[in-house]
Amino acid sequence: MDLKLKIWRQANQNTKGELKDYAIKNVSADSSFLEMMDQLNEELITKGEEPVVFDHDCREGICGMCSLHINGEPHGPQNATTTCQLHMRKFKDGDTIYIEPWRSRAFPVIKDLSVDRNAFDRIIEAGGYVSVNTSGNTLDANAMPVPKADADEAFNSATCIGCGACVAACPNASAMLFVSAKVSQLSLLPQGKVEAKDRVLNMVNQMDLEGFGNCSNVGACAEECPKEISLENIARMNREYLGASLASSK
Amino acid sequence: MKLDSKIPEGPLETKWQNHKANIRLVNPANKRNIDVIVVGTGLAGSSAAASLAEMGYNVKAFCFQDSPRRAHSIAAQGGINAAKNYQNDGDSVYRLFYDTIKGGDYRSREANVYRLAEVSANIIDQAVAQGVPFAREYGGTLDNRSFGGVQVSRTFYAKGQTGQQLLLGAYSALSRQISKGKVKMYNRHEMLDVVLVDGKARGIIARNLVTGEIQRHGAHAVVIASGGYGNVFFLSTNAMGSNGSAAWKAHKKGALFANPCFTQIHPTCIPVSGDHQSKLTLMSESLRNDGRIWVPKDRKDAEAIRAGKLKPTDLPEEKRDYYLERRYPSFGNLVPRDVASRAAKERCDEGYGVNQTGEAVYLDFAAAIERYGKTEANVKGIDNPSAAKIKELGTAVVEAKYGNLFAMYEKIVDDNPYETPMMIYPAVHYTMGGIWVDYNLMTTVPGMFALGEANFSDHGANRLGASALMQGLADGYFVIPYTIGEYLADEIRTGAIDTNHAAFEEAEKEVRGTIDKLMNAKGDSSVDHYHKRLGNIMWNKCGMARNAQGLQEAIKEIRELREEFWQNVRIPGGANEMNPELDKAMRVADFMELGELMCKDALEREESCGGHFREEFQTEEGEALRRDEDYAFVSSWKYTGDAGNAELVKEELVFENVELKTRSYK
């Protein structure tokens with residue numbers, strides 16, 4: 001198929017970016033979106049132009065490195081799918097495709113389509129863990145049974161890949177879905193309950209410091225999430241946060 | 001040169017306990033003055049960095065991704081082995097040890113493998129304590145499943161995302177130490193060389209991949225946990241950025257490289273669909289618990305399927321060849337990976353392949369859906385359930401077990417695997433070879449350690465499924481925290497490492513020289529162009545089957561290609577900015593050398609074992625023919641200034657606890 005592409009080009013964080021037009025021919029419907037980008041870059045290199053920078057790594061939809069706003073949607077048109085797993089058969093011959101980076105104050109553009117998502121790491125550092133040393137001298141794994149329903153629910157929250165699509169989708173650039181997924185996972189499991197109060201307060205505090213917006217229940221985050229992280233996580237985090245705020249001595 | 005593996009004295013069962021009890025310690029006040037660099041943040045790197053920081057060392061950790069959480073361990077699907085015997089099916093530390101030695105075709109070190117089996121149970125305890133949400137039974141206890149090459153259920157899992165959950169567990173431990181300031185994390189940084197001062201590893205040269213800045217980092221020990229080198233084949237199940245550069249640079253600075261030709265070709269991957277392909281996707285081995293592998297019995301049927309005139313679902317049972325069940329009745333579809341891969345290749349080479357390229361076999365879930373459906377109907381008390389009802393109930397069970405994998409398959413192939421069998425074909429997945437290490441995981445360079453897939457130690461010539469996660473975490477959480485003390489105990493008086501030392505100066509100069517040379521080539525062809533050509537040579541001549549002639553040709557072709565690459569590669573942009581083409585070029589330059597060493601190693605090893613299949617050495621039935629009398633050793637290569645002229649140093653493998661047998665899964 002032949003396509004027209006409008007791609008955001010930006011030399012670095014301090015320069016102004018703009019959409020540039022590209023045309024690409026003979027794209028296989030079986031290639032992935034990023035393989036289409038590879039093809040474009042190969043052509044640009046041959047022509048002596050600078051290839052488009054974009055983040056990607058595993059290309060299996062699990063590492064969370066790929067991003068891209070495609071035709072206004074984070075990770076493009078297919079539900080529950082990362083950009084790397086999106087295939088060109090979802091587009092039509094002759095289509096014009098807009099390709100832009102995540103847009104959020106907390107995710108500054110590094111170059112072209114690549115953004116800085118270190119804010120997510122700092123939120124995890126603020127409390128997204130169980131404070132247990134790695135000695136291996138813990139309880140036997142089966143000593144504390146966990147109801148299957150809780151374990152499954154915790155797993156569902158834990159499948160977040162930290163890609164940032166939730167932030168990119170939100171009109172307020174809120175990171176509530178990302179933060180609440182981690183808060184939920186750990187608050188659902190007995191191992192995480194001990195520190196649950198401090199955790200939610202510290203993580204929410206860090207989220208605010210990073211400049212993410214507030215949640216106004218739009219729901220676009222869950223809609224666009226490639227891992228289908230549910231809005232229930234946000235509800236659970238709000239409950240945890242409220243409880244922790246009332247009970248906190250800090 | 002003589003290799004000392006430093007295996008402790010005493011019976012196998014007590015080696016590790018005794019060694020731990022006698023290992024030297026570094027007191028807490030001194031640990032605060034000792035710096036350790038960890039390269040890579042996958043399971044081995046993250047767990048090592050977190051553990052060493054907890055102990056009190058100052059850690060600097062490096063990863064090329066934008067966050068340590070994205071290292072490629074995250075993509076591991078099926079599970080992690082541990083000798084817990086929760087299923088009461090006769091599992092034990094010894095049995096896990098034995099399965100791993102046998103699975104590795106008797107080319108790994110007994111003592112290391114036994115230790116791995118021994119600490120495996122702690123990994124599960126540790127992960128659960130960190131909040132890793134493993135799959136559970138209704139009673140609240142942990143669930144298990146089976147993997148290839150074993151007859152017990154010892155694999156713990158979190159749907160098809162076990163690697164993700166374990167890595168996020170290690171990443172959370174790492175994040176906790178970052179927040180305490182005990183780990184300084186360098187995201188989007190790549191190690192470009194290791195620096196030796198007076199023969200000891202004293203630091204690294206790294207490049208900031210955002211700014212292009214070249215940096216010097218000093219430390220009292222350098223831990224390489226940078227993963228495997230499967231991307232030398234261009235197409236593999238590795239992530240796009242996975243590379244062998246850190247390990248290769250370590251090799252060039254004196255670390256011996258062991259068994260480079262031992263590559264794992266995984267039997268169940270989505271087949272190649274065309275020239276645009278940038279990587280291959282694995283379908284977890286766990287699928288072989290329930291999926292049955294087959295091709296048509298009649299070549300004409302295979303031809304009709306390839307031509308689109310026949311559907312697999314139209315082919316009756318008696319016209320299908322379940323070749324694994326036929327050839328290996330006792331293990332059936334759960335034979336080890338090397339055996340399953342070769343069997344698929346054999347059928348396809350004979351003309352029974354089922355996709356347009358003729359390089360695919362079926363992985364069929366219809367029988368499992370029916371079996372589960374009937375059980376569910378019984379459980380629900382449905383008498384005389386209709387076929388449709390059985391299918392509905394069975395599909396739900398299969399979906400709960402493998403839903404995410406089926407969804408991934410459908411996204412890539414555009415076929416519904418609940419309705420029609422999956423198509424699969426072997427693909428490069430893992431490298432058993434790696435940097436040579438002794439029992440303490442130290443390389444032949446004092447102060448330089450190698451963990452996880454980056455080392456060679458535990459999997460011999462073939463890794464069993466669900467053992468990579470086990471090894472990465474064992475090395476990082478439970479081995480290196482003890483064994484590094486043996487070396488660092490002598491470093492307490494060293495003081496801070498001076499990065500103005502001439503050795504740093506020289507290493508930085510060399511790195512800058514390499515970058516200039518690449519940037520100035522200003523040739524005609526892209527990095528990918530060369531990487532693909534290298535991958536082709538490797539896959540065709542050093543892949544699933546190898547022979548002397550092909551390997552000799554490959555060596556010659558790689559040398560020519562390497563020459564051309566340095567003359568004619570084109571890298572746009574500059575070196576002092578974000579430039580992924582330059583990053584790739586540095587990695588491919590190293591693959592061009594490593595690939596040659598792999599071929600040399602494969603040529604030298606005149607036997608077939610595990611993933612290394614030399615066509616000249618096979619039994620009448622086409623099984624691998626091992627030659628224990630001549631080849632029961634680790635091939636460790638010493639760099640002498642040119643990859644092709646590496647010098648072979650043998651570490652003889654001594655088996656005191658298992659008898660060397662012909663591996664049979666029949």
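Letters A, B, ... are given to chains in the order of the sequence lines, protein chains preceding strands, and every chain is numbered from 1. Values below: all heavy atoms of this structure, side chains included; hydrogens, waters and symmetry mates excluded.
For the pair B:R176 (side chain) and A:V132 (backbone), a donor-acceptor distance under 3.5 Å is present. Remark: the backbone N or O of A:N133 is paired with a side-chain donor or acceptor of B:Q126 at under 3.5 angstrom. At least one donor-acceptor pair closer than 3.5 Å links the side chain of B:R70 to the backbone N or O of A:I161. Under the 3.5 Å distance criterion, the side-chain polar atoms of A:E35 are matched with a main-chain donor or acceptor of B:S278. B:R570 places a side-chain N or O within donor-acceptor distance of the main-chain N or O of A:I45, the cut-off being under 3.5 Å. Put simply, the side chain of A:Q185 gets close to the backbone of B:G131: a donor and an acceptor are under 3.5 Å apart. Panel note: side chain B:K411, backbone A:H87; no donor-acceptor pair is recorded below 3.5 Å.
Interface residue B:D66: backbone and side-chain heavy atoms are both found under 4.5 Å from chain A. With a 4.5 angstrom heavy-atom cutoff, B:F156 does not touch chain A via any of its atoms. At a 4.5 Å heavy-atom cutoff, A:V52 makes no contact with chain B through either its backbone or its side chain. For A:K193, no part sits under 4.5 Å from any heavy atom of chain B, backbone or side chain. Using a 4.5 Å cut-off between heavy atoms, A:S31 contacts chain B through both its backbone and its side chain. Only the backbone of B:L280 comes within contact range of chain A, with heavy atoms under 4.5 Å apart. Both the backbone and the side chain of B:Q130 have a heavy atom closer than 4.5 Å to some heavy atom of chain A. B:F478 touches chain A through its side chain: at least one heavy atom from C-beta onward sits under 4.5 Å away, while N, CA, C and O do not. With a threshold of 4.5 angstrom between heavy atoms, A:E42 approaches chain B through side-chain atoms but not through N, CA, C or O. Residue B:K84 touches chain A through its side chain alone, counting heavy-atom pairs closer than 4.5 Å. Within the 4.5 angstrom heavy-atom criterion, atoms from both the backbone and the side chain of B:I124 approach chain A. In this structure, chain B has no heavy atom under 4.5 Å from any part of A:N12. Contact of A:M36 with chain B is not made at all, since no heavy-atom distance falls under 4.5 Å. In this structure, the portions of B:T141 lying under 4.5 Å from any heavy atom of chain A include both its backbone and its side chain. Using a 4.5 Å cut-off between heavy atoms, A:L189 touches chain B through its side chain atoms alone. When heavy atoms are compared at a cutoff of 4.5 Å, B:V413 approaches chain A solely by way of its backbone atoms N, CA, C and O. A:R122 does not touch chain B: none of its heavy atoms, backbone or side chain, sits under 4.5 Å away. Of the two parts of B:D414, the backbone and the side chain both hold a non-hydrogen atom closer than 4.5 Å to a non-hydrogen atom of chain A.
For A:P145 against B:G139, the heavy-atom pair with the smallest separation is CB-O, 3.8 Å. For the pair B:Y171 and A:F120, the tightest heavy-atom approach, listed with the atom from each and the gap, is OH-O, 4.4 Å. A:A158 and B:P133 get closest at one heavy-atom pair: CB-CG, 3.8 Å. When all heavy atoms of B:S273 and A:D30 are compared, the closest pair comes out as OG-CB, 4.2 Å. When all heavy atoms are compared, the tightest approach of B:P580 to A:V53 is CD-CG2, 3.8 Å.
Distance OG1/A:T46 to CG/B:D524: 9.5 Å, rounded to 0.5 Å. Distance check, rounded to the nearest 0.5 Å: CD of A:E228 to CG of B:N404 gives 11.5 Å. Atom CZ of A:R59 and atom CE of B:M240 lie 4.0 Å apart (nearest 0.5 Å). Taking CG of A:D152 as the reference point, atom NZ of B:K159 lies at 7.0 Å (rounded to 0.5 Å). In this structure, CG on B:D125 lies 9.5 Å from CG on A:N137, to the nearest 0.5 angstrom. Atoms NE2 and CD, on B:H72 and A:E60 in that order, are 5.5 Å from each other to the nearest 0.5 Å.
Chain B forms more heavy-atom pairs under 4.5 Å with one residue of A:S131, A:A154, A:A151 than with any other, namely A:S131. In terms of heavy-atom pairs under 4.5 angstrom with chain B, the leader among A:L186, A:V27, A:D55, A:D38 is A:D55. The candidate with the highest count of non-hydrogen atom pairs below 4.5 Å against chain A, out of B:Q65, B:E581, B:R69, is B:R69. The most heavy-atom pairs under 4.5 Å with chain B, out of A:A126, A:P147, A:S135, come from A:S135. Counting heavy-atom pairs under 4.5 Å between each of A:D57, A:I62, A:T138 and chain B puts A:D57 at the top. Of the listed residues (A:N41, A:T81, A:N142), the greatest number of heavy-atom pairs within a distance under 4.5 Å of chain B belongs to A:N142.
With hydrogens and angles left out, the side-chain atoms of B:S67 and A:D121 include a donor and acceptor closer than 3.5 Å. The closest side-chain donor-acceptor pair between B:E54 and A:T134 falls under 3.5 angstrom.
Counting non-hydrogen atoms of neighbouring residues, nucleotides and ligands closer than 6.0 angstrom, the CD atom of A:E49 exceeds 12 such neighbours. Other residues, nucleotides and ligands place more than 12 heavy atoms under 6.0 Å from the NZ atom of B:K532. Counted within 6.0 Å of CZ on A:F91, heavy atoms from surrounding residues, nucleotides or ligands total more than 12; the atom is thus considered enclosed.
Counting heavy atoms from C-beta outward, A:E50 and B:E577 have side chains that approach closer than 4.5 Å.
B:R136 has no carboxylate O lying under 4.0 Å from a charged side-chain N of A:D150, or vice versa, which leaves the two without a salt bridge.
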Please assess B:R188 against A:S114 for the test side chain to side chain contact (heavy atoms under 4.5 Å, CB included), listing each intermediate value before the final yes or no.
CA-CA 12 Å; B:R188 294 195 196 263; A:S114 170; 3.5 Å; yes
Give the C-alpha distance, both sets of side-chain angles, the deciding distance and a yes or no for side chain to side chain contact (heavy atoms under 4.5 Å, CB included) between B:Y86 and A:D140.
CA-CA 11 Å; B:Y86 282 161; A:D140 181 87; 2.6 Å; yes
